[in-house]
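Worksheet: one structure, shown below.
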Amino acid sequence: MDYYSSQISNLISELARLPGIGTKSAQRLAFHIINMPREQVEKLSSAMVSARNNIHYCKECCTLTDDDICPICASAKRDHRTIMVVENARDLAAYEKTGKYEGVYHVLHGAISPMLGIGPADIRLKELLLRLQKDVDEVIIATNSSLEGEATAMYISKLVKPTGIRVTRIASGVPVGGDLEYIDEVTLLRALDGRIEL
Ligand code: ZN
């Protein structure tokens, strides 16, 4: 990195911290940014700063929102007695895109992973349990079918069962290890329709 000015090296190393960006991509992005019109760079940086400063967790479902309560939780048209539990906001978006799911969500922001040292207290489970004290008919567990996703599903089902609330798991139409966000809508809906009782 010594071939570059310290400013460029700094930009490259900051970009390289982003997920999925290796040193080579970081270099390519850095040079692209340096050649971009100044206003465009300002737009990009201010979009990042304002998103980071103004977006927070929905007080109800923990998804990312600009408001206290996200539009899904605020909607009277949604079935608030059915909660689909997903690992992240991208998985929520995948199901929302189908336009067929009428319930609400709960976003965990991760999955239990003993290997990575992520325990139940590190994801938004406490918030889920609080919601279950209200009128809830069903909890649909739609965590990924990875080891972590399955471990999380097991953990949640054990937590929910004693409450008497119906617990289901989306069907295995979702390929093993598959991230929900990469799966097509038909498969997502089939997985939802074919959900099984836990
Ligand atoms: Zn919400």
Side-chain angles (χ1 to χ4, degrees), residues 19 47-113 118-146 148-171 174 178-185 187-193 195 197-198:
M48 290 198 287
V49 172
S50 85
R52 181 62 188 87
N53 288 342
N54 298 316
I55 292 177
H56 44 253
Y57 291 163
C58 167
K59 287 203 169 121
E60 193 68 24
C61 72
C62 300
T63 194
L64 301 170
T65 176
D66 309 350
D67 309 309
D68 270 1
I69 300 285
C70 77
I72 297 171
C73 289
S75 167
K77 289 192 188 125
R78 308 293 294 229
D79 166 14
H80 290 261
R81 300 172 72 108
T82 303
I83 301 177
M84 182 191 285
V85 181
V86 292
E87 288 183 23
N88 55 53
R90 298 187 305 277
D91 293 344
L92 177 157
Y95 262 104
E96 271 311 276
K97 259 191 258 163
T98 68
K100 297 272 162 58
Y101 175 65
E102 284 165 357
V104 291
Y105 298 90
H106 188 83
V107 182
L108 295 171
H109 294 282
I112 297 170
S113 168
I118 302 169
D122 299 315
I123 58 177
R124 303 276 150 173
L125 276 174
K126 239 189 336 183
E127 290 82 349
L128 175 64
L129 287 181
L130 275 175
R131 292 179 75 186
L132 299 185
Q133 292 173 6
K134 296 186 203 155
D135 283 338
V136 176
D137 293 334
E138 182 179 356
V139 173
I140 303 169
I141 306 175
T143 51
N144 292 334
S145 53
S146 58
E148 294 79 15
E150 292 299 346
T152 309
M154 287 267 285
Y155 192 89
I156 295 173
S157 85
K158 278 192 193 138
L159 282 181
V160 180
K161 276 231 170 118
T163 65
I165 297 168
R166 184 181 177 207
V167 199
T168 55
R169 174 91 172 104
I170 55 167
V174 175
D179 273 352
L180 290 189
E181 55 175 318
Y182 299 120
I183 294 164
D184 68 90
E185 293 174 19
T187 311
L188 281 178
L189 288 174
R190 205 175 291 153
L192 177 59
D193 286 341
R195 64 188 184 273
E197 303 286 334
L198 289 181

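Start at 1 and go down the list; that is how both ligands and their atoms are numbered. What you see below is based on every heavy atom in this structure, not just the backbone, and it leaves out hydrogens, waters and symmetry mates.
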Donor-acceptor pair, distance only, cut-off 3.5 Å: does the side chain of Asp193 make one with the backbone of Arg190?
no
How about CD on Glu102, more than 12 heavy atoms from neighbouring residues, nucleotides or ligands closer than 6.0 Å, or not?
no
Less than 4.5 Å apart, side chain to side chain, heavy atoms only: is that true for Ile83 and Val136?
yes
Regarding Tyr105 and Glu96, is there a side-chain donor-to-acceptor distance under 3.5 Å anywhere?
yes
Vertex the Zn ion (ligand 1), ends Cys73/SG and Cys70/SG: angle to nearest 10° comes to 110°
For a distance under 2.8 Å, tell me if Cys62 has an N/O/S atom near the Zn ion (ligand 1).
no
With rounding to 10 degrees, Cys58 SG, the Zn ion (ligand 1) and Cys61 SG define an angle of 110°
